[in-house]
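Whatever order the structure lists them in is the order used to number ligands and atoms, beginning at 1.
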Amino acid sequence: MSRIAILVPGKIHERVLERLKDRFEIIAVAREQKLALDGGTAGRIRGVAVSGAFPGAWMDQLPDVEVIASFGVGYDGMDVKRAAEKGIVVTNTPDVLNDEVADTAIGLLLNTIRDLPRAEAWLRAGNWKPGTAFPLSRFSLKGRHIGLYGLGRIGLEIAKRLEPFKVKISYHTRSRHSDAPYDYYPTLKELAEAVDTLIAIVPKTPQTHKTIDANVLAALGPNGVLVNVGRGWTVDEEALSAALASGALGAAGLDVFYEEPSVPSGLLEPANAVLLPHVASASVPTRIAMADLVADNLISWFEKGAALTPVPETPQKIQRD
Ligand code: NAP
Ligand code: 8YV
């Protein structure tokens with residue numbers, strides 16, 4: 001009996017392929033505007049494993065695809081509307097990366113507030129000599145009031161990690177989380193006015209576009225700190241560059257950027273910015289857990305008739321036998 005064909009467009013974690021190759025036929029193709037598949041091959045594909053965007057036009061090329069397993073919890077590059085219209089189930093990788101991303105957020109927060117990457121660079125450059133000392137950090141975490149923009153799976157883990165630091169914690173989401181022991185602010189502007197430190201962990205959606213704008217940054221103020229581990233899409237980077245340069249905002253720590261991997265010079269130049277190349281989930285164990293969940297979603301769909309972690313936009317309408 002011929003094996004079920006799974007499409008893999010572009011690169012994906014090696015573990016996904018290792019887990020799938022004995023059960024399925026893997027069809028690997030380059031990421032191109034139109035997938036290089038002849039009609040016969042395209043017609044045999046019933047599942048997809050993908051890291052990164054998956055446009056609706058690719059779905060149109062695959063008449064019998066049932067499930068698309070995406071590597072990552074954020075699935076903003078996936079045309080879920082088209083998938084839902086076509087009855088295709090899309091899965092993502094929630095929860096398995098919560099701890100790693102929350103840990104990274106705390107590390108980035110401390111690095112930004114205490115200027116630790118520049119202190120290390122100063123040491124490595126041979127500046128630490130008798131009678132010299134790296135300048136005191138302007139800011140301290142002590143006594144800060146931290147606002148979480150997003151209190152979902154990852155935001156909640158960040159909040160829990162912040163509690164032992166004895167900081168005040170507040171949050172803004174679309175709706176109040178009545179079980180959360182933190183102050184709720186119904187708008188991002190009100191949250192920014194109340195706090196001195198903002199940590200963003202919201203998805204890329206039309207509603208979150210450039211919501212961290214000049215007004216929000218001004219509300220955080222000269223002692224204010226912004227940390228973003230969600231998506232660069234959420235920040236007006238021009239306004240952020242200007243605020244960092246003028247001192248209207250104290251400092252920023254960014255793991256994500258608007259147009260990755262391009263980082264604007266207005267963010268590269270200021271000394272009061274700590275920048276990471278989108279590494280919040282990027283440890284060997286966490287990426288293996290994400291890869292396993294991609295594979296397990298496909299295996300579960302084809303062997304048990306249901307995916308493990310379908311996204312809310314594509315509930316499992318097709319229950320397989
Ligand atoms: P989640 O559980 O869905 O939580 C999302 C949070 O964002 C919820 O609290 C939601 O609150 C809030 N939110 C959504 N739209 C909003 C809006 N318009 N205004 C205010 N709040 C809004 O997602 P998660 O698993 O925590 O992941 C969050 C995002 O982090 C992902 O989508 C991804 O983009 C990003 N991420 C980045 C990395 C990295 O490597 N840097 C790694 C993992 C994830 P309500 O539903 O109550 O409004
Ligand atoms: C990954 C992420 O960097 O899960 C997400 O939404 O942004 C990160 O964990 C990405 O998905 C895969 O490279």
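- The closest approach between any non-hydrogen atom of R287 and ligand 2 is below 4.0 Å.
- In this structure, R144 forms a cation-pi arrangement with F139, its terminal cationic atom sitting closer than 6.0 Å to the ring centre and no more than 45° off the ring axis.
- Of the protein's non-hydrogen atoms, the one nearest atom 2 (C) of ligand 2 is H278 NE2, 3.7 Å.
- Neither the backbone nor the side chain of T104 has a heavy atom within less than 4.0 Å of ligand 1.
- Close contacts of ligand 1 with G74, meaning ligand atoms under 4.0 Å from a residue heavy atom, involve 32 (O), 33 (C).
- Residue-to-ligand polar distances place S281 within reach of ligand 2: an N/O pair is separated by less than 3.5 Å.
- At least one N/O-N/O distance between G74 and ligand 2 falls below 3.5 Å.
- On a distance-only criterion, G150 and ligand 1 share no N/O pair closer than 3.5 Å.
- Every N/O-N/O distance between K204 and ligand 1 stays at or above 3.5 Å.
- Nearest to atom 28 (C) of ligand 1 among the protein's heavy atoms is I201 O, 3.8 Å.
- Below 4.0 Å from some heavy atom of H278 lie the following atoms of ligand 1, by number and element: 39 (C), 40 (O), 41 (N).
- Nearest protein neighbour of atom 6 (C) of ligand 1, counting heavy atoms only, is G152 N, 3.8 Å.
- Residue contacts with ligand 2, taken as heavy atom pairs separated by less than 4.0 Å, involve R231 solely via side-chain atoms from C-beta onward.
- Here the heavy atom of the protein found nearest to atom 13 (N) of ligand 1 is V202 CG1, 3.8 Å.
- Protein heavy atom nearest atom 44 (C) of ligand 1, with residue, atom name and distance: V73 CG1, 3.2 Å.
- Close N/O approach between Q207 and ligand 1 is not found [any backbone or side-chain N/O within under 3.5 Å].
- The protein atom (non-hydrogen) at minimum distance from atom 37 (C) of ligand 1 is V229 O, 3.1 Å.
- Cation-pi check for K11 over F71 is not met; the charged atom does not lie both under 6.0 angstrom from the ring centroid and within 45 degrees of its normal.
- The proximity of T173 to ligand 1, defined as any non-hydrogen pair under 4.0 Å, involves the side chain as well as the backbone.
- The protein atom (non-hydrogen) at minimum distance from atom 32 (O) of ligand 1 is P203 CB, 3.3 Å.
- Nearest-residue assignment for atom 26 (O) of ligand 1 (options I154, V279, V256; heavy-atom criterion): I154.
- No heavy atom of P94 sits closer than 4.0 Å to any atom of ligand 1.
- Only side-chain heavy atoms of V101 come within less than 4.0 Å of ligand 1; its backbone N, CA, C and O stay farther off.
- When the heavy-atom distances from atom 16 (C) of ligand 1 to R174, R153, R176, E157 are ranked, the shortest goes to R174.
- Nearest protein heavy-atom neighbour of atom 12 (C) of ligand 2: F71 CD2, 3.7 Å.
- Ligand 2 has no nitrogen or oxygen under 3.5 angstrom from a nitrogen or oxygen of L97.
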